[in-house]
Student: 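Here's a structure for you.
Numbers here are sequence positions counted from 1.
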Amino acid sequence: MSSPAFFLYTRSNNIAASRRFYSELLRLDQIWDEEGDIAYLVGDTVQFSIGYDPDATGDHEWAFQPGWVFGLGIDPNPRRARASWSIPLSPQSFLSTVARVQEAGIAALRPEPFWVGYWSYVVKDPMGQTVELADPFTAGP
């Protein structure tokens, strides 16, 4: 395992649901699982940690990302800052991950992947945070 250069931290009031989402559905590389704390290595440089917080509240609106303004119905000037992140996946992993989250009934911004200069499929994690699954390798339409 290489050493992460960027650390991302978030909170969840349901670690089991977060673990299922990030481990089973997205199949991120889990690097630890302790009581109240789980973490994943994303690529070679990002460590993504989720800590248990019984008072954490979910988000009900979609976060804004710059490439989504064109025809997606996302407010380019959101009323409050929301965190969101993109996870780049290989073409095969992208397709299989999209199929798993669709089958699991996870909330999605659009029913199918869409082109924003790369293939994108945007979902919400168990805390309502916006997570973009991205395939930056496959050619567009």
Student: If you round to the nearest 0.5 Å, how far is OH of Y118 from CD of E132?
Tutor: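 The CD atom of E132 sits 3.5 Å away from the OH atom of Y118.
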Student: Can you name the side-chain hydrogen bond (donor to acceptor under 3.5 Å, both in side chains) partners of D37, sequence neighbours left out?
Tutor: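 Only W32 meet the side-chain hydrogen bond (donor to acceptor under 3.5 Å, both in side chains) criterion with D37.
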Student: Verify, without hydrogens or angle tests, whether K124 (side chain) and L109 (backbone) share a donor-acceptor contact under 3.5 angstrom.
Tutor: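 The answer is no, because no donor-acceptor pair under 3.5 Å joins these two groups.
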Student: Find out whether V122 and S120 are in side-chain contact, i.e. whether some heavy atom of one side chain is under 4.5 Å from a heavy atom of the other.
Tutor: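 Side-chain contact under 4.5 Å: yes.
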Student: Roughly how far apart are I87 CD1 and L28 CG, rounded to 0.5 Å?
Tutor: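 Here the rounded value is 4.5 Å.
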Student: Taking transitive links into account, so neighbours of neighbours count too, which hydrophobic residues share a cluster with F137 at under 4.5 Å side-chain distance?
Tutor: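 Once heavy-atom contacts under 4.5 Å are chained together, F137 still belongs with nothing else.
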Student: How close do A17 and N14 get, heavy atom to heavy atom, and via which atoms?
Tutor: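 Closest approach of A17 to N14: N-OD1, 2.9 Å.
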Student: List in chain and number order the residues that pass side chain to side chain contact (heavy atoms under 4.5 Å, CB included) with Q30, two or more places apart in sequence or in another chain; answer none if no residue qualifies.
Tutor: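 So Q30 forms a side chain to side chain contact (heavy atoms under 4.5 Å, CB included) with R19, S23, D33, I38, Y40.
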Student: Do the side chains of D59 and M127 get nearer than 4.5 Å, heavy atoms only?
Tutor: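 No. Closest side-chain heavy atoms not under 4.5 Å.
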Student: Which side-chain N or O atoms in residues 48-56 pair as donor and acceptor under 3.5 Å with protein atoms at least two apart or in another chain?
Tutor:
from	atom 1	to	atom 2	distance (Å)
S49	OG	Q47	NE2	3.2
D53	OD1	D55	N	2.8
D53	OD2	R11	NH1	2.4

Student: Would you list the pairs meeting salt bridge (Lys or Arg N to Asp or Glu O under 4.0 Å) in which at least one residue belongs to residues 89-106, sequence neighbours left out?
Tutor: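 Checked against salt bridge (Lys or Arg N to Asp or Glu O under 4.0 Å) - neighbours excluded - no pair reaches residues 89-106.
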Student: Rounded to the nearest 0.5 Å, what separation is found between the CG atom of D29 and the OH atom of Y22?
Tutor: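 It is 15.5 Å, given to the nearest 0.5 Å.
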Student: Where is the tightest heavy-atom contact between P88 and S86, given as atom of each residue plus distance?
Tutor: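 Closest approach of P88 to S86, heavy atoms only: CD-O, 3.7 Å.
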Student: In a table with atom names and distances, give each donor-acceptor pair under 3.5 Å that connects a side chain of residues 89-96 to protein atoms at least two apart or in another chain.
Tutor:
from	atom 1	to	atom 2	distance (Å)
S90	OG	S93	N	3.2
S96	OG	Q92	O	3.2
S96	OG	S93	O	3.2

Student: Who pairs with W115 by ring-ring contact (aromatic ring centres under 6.0 Å, His included), at least two apart in sequence or on another chain?
Tutor: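 By the ring-ring contact (aromatic ring centres under 6.0 Å, His included) rule, W115 matches W119.
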Student: Which heavy atom of Y121 sits nearest to which heavy atom of Q102, and what is that distance?
Tutor: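 Nearest heavy atoms, Y121 then Q102: OH-CG, 3.2 Å.
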